[in-house]
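Reading through the structure tokens given below for one structure.
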Amino acid sequence: MLGINLMFAGLALTLNGASYFVNFDNKVRAIANILIGIVIGINAIFQVAQADCNVTFGFSAIMWMFSLNYFIIAAHIFFKSENWKVFGLYALFAAIVSFVFAGDAVFALQHGAPRVMVYLWFMWAILWAQSFLALLFEIKIIDKFSPHILILNGIASTFVPGILILLGVIL
């Protein structure tokens, strides 16, 4: 389930990042975010049921955060919101959670946890931290790089790891 969720999250992140460069129909993008949020949310329920340690439970929790993330984005698009500060606050919450789990993953290394966990948690923390800073504080230099960070994270921290998980290469 985790591999599938990461692949869908990669699609959404890349789609949302690419929308800064390519003129997508916003309603279609919103519907894509809703559908991806539903798939990830349902799969996260099964992940929680199968969680057998902090590592797998942490991934289940982050998948719900990804799911809610896409619902919030879709709502902003559908309602043509000019002010995305609510998403900025949500991003702060998600960044804090991600940094906490990144720290936990670092400590879990001494117990044999995979190193890829540290990488993934820090990438997601960076993703949400930049959204928080760009949206809530309107820091223009960060906002300028937001599409690039979305696309990079969409490919490097969700889509590719999702494929590698499904192929049995990692985790």
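The side-chain heavy atoms of Leu15 and Arg29, taken from C-beta on, include a pair separated by under 4.5 Å. Looking at Pro114 and Met117, their side chains come closer than 4.5 Å, going by heavy atoms from C-beta outward. In this structure, Phe21 and His148 have side chains that are in contact, with non-hydrogen atoms separated by less than 4.5 Å. Looking at Leu13 and Ile151, their side chains never come closer than 4.5 Å, going by heavy atoms from C-beta outward. Contact check for Ile40 versus Trp64: no side-chain heavy atoms found under the 4.5 Å cut-off. The side-chain heavy atoms of Phe78 and Asn26, taken from C-beta on, include no pair separated by under 4.5 Å.
Among residues two or more places apart in sequence or in another chain, the side-chain hydrogen bond (donor to acceptor under 3.5 Å, both in side chains) test is passed with Thr14 by none. Listed by chain and number, the residues in a side chain to side chain contact (heavy atoms under 4.5 Å, CB included) with Phe107 are Gln110 (sequence neighbours excluded). Every side chain to side chain contact (heavy atoms under 4.5 Å, CB included) that Leu133 has, sequence neighbours left out, goes to Phe137, Ile139, Ile142. The side-chain hydrogen bond (donor to acceptor under 3.5 Å, both in side chains) search around Asn33 returns Asn16, not counting sequence neighbours. Shown here are the side chain to side chain contact (heavy atoms under 4.5 Å, CB included) partners of Leu35, two or more places apart in sequence or in another chain: Ile31. Listed by chain and number, the residues in a side-chain hydrogen bond (donor to acceptor under 3.5 Å, both in side chains) with Asp143 amount to none (sequence neighbours excluded).
Residue Phe8 places its CZ atom among 12 or fewer non-hydrogen atoms of other residues, nucleotides or ligands, all under 6.0 Å distant. Counted within 6.0 Å of CG on Asn23, heavy atoms from surrounding residues, nucleotides or ligands total 12 or fewer; the atom is thus considered open.
How far CG of Asn43 is from CD1 of Ile4: 5.5 Å, rounded to the nearest 0.5 Å. Rounding to the nearest 0.5 Å gives a distance of 8.5 Å between CG of Leu2 and CG of Leu120. Going from atom OG of Ser157 over to atom CD1 of Ile149 covers 11.5 Å, rounded to the nearest 0.5 Å. Here the CD1 atom belonging to Ile38 is positioned 7.0 Å from the CD1 atom belonging to Ile34, to the nearest 0.5 angstrom. With rounding to the nearest 0.5 Å, the separation of CG in Asn5 from OG in Ser67 is 8.5 Å. Met1 CE to Gln50 CD: the interatomic distance, rounded to the nearest 0.5 Å, is 6.5 Å.
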Please tabulate, for side-chain N and O atoms in residues 158-171, each donor-acceptor pair with protein atoms closer than 3.5 Å (sequence neighbours left out).
from: Thr158; atom 1: OG1; to: Gly10; atom 2: N; distance (Å): 3.2
from: Thr158; atom 1: OG1; to: Asn153; atom 2: O; distance (Å): 3.2
from: Thr158; atom 1: OG1; to: Gly154; atom 2: O; distance (Å): 2.7

Contacts table for residues 87-98: side-chain donor-acceptor under 3.5 angstrom, sequence neighbours left out:
from: Tyr90; atom 1: OH; to: Met65; atom 2: O; distance (Å): 2.4
from: Ser98; atom 1: OG; to: Ala94; atom 2: O; distance (Å): 2.9

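Looking at every heavy atom in both residues, Ala74 comes nearest to Ala30 through CB-O, 3.5 Å.
No chain of hydrophobic side-chain contacts below 4.5 Å, direct or via other Ile, Leu, Val, Met, Phe, Trp or Tyr residues, connects Ile126 to Leu135. Follow the hydrophobic side-chain contacts under 4.5 Å out from Phe46 and you never reach Val48; the two are in separate clusters. In the hydrophobic clustering of this structure, Phe71 does not group with Met63; members are Ile, Leu, Val, Met, Phe, Trp, Tyr whose side-chain heavy atoms approach within less than 4.5 Å, directly or through other members.
With respect to Leu127, the side chain to side chain contact (heavy atoms under 4.5 Å, CB included) criterion is satisfied by exactly one of Asn69, Leu150, Leu152: Leu150.
The hydrophobic cluster of Phe79 has no other members, since no ILVMFWY side-chain heavy atom comes under 4.5 Å of it. Counting Ile, Leu, Val, Met, Phe, Trp and Tyr side chains that sit under 4.5 Å apart, directly or through other members, Val86 stands alone, with no cluster partners. Using a 4.5 Å cut-off between side-chain heavy atoms of Ile, Leu, Val, Met, Phe, Trp and Tyr, Leu109 falls into a hydrophobic cluster with Phe99, Val106, Val118, Phe122.
Residue pairs meeting the salt bridge (charged side-chain N to carboxylate O under 4.0 Å, His left out) criterion with at least one partner in residues 59-86, sequence neighbours excluded, are Lys85-Glu138.
Taking the six-membered ring for Trp and thresholds of 30 and 60 degrees, Phe66 and Tyr70 have nearly parallel ring planes, at less than 30 degrees apart.
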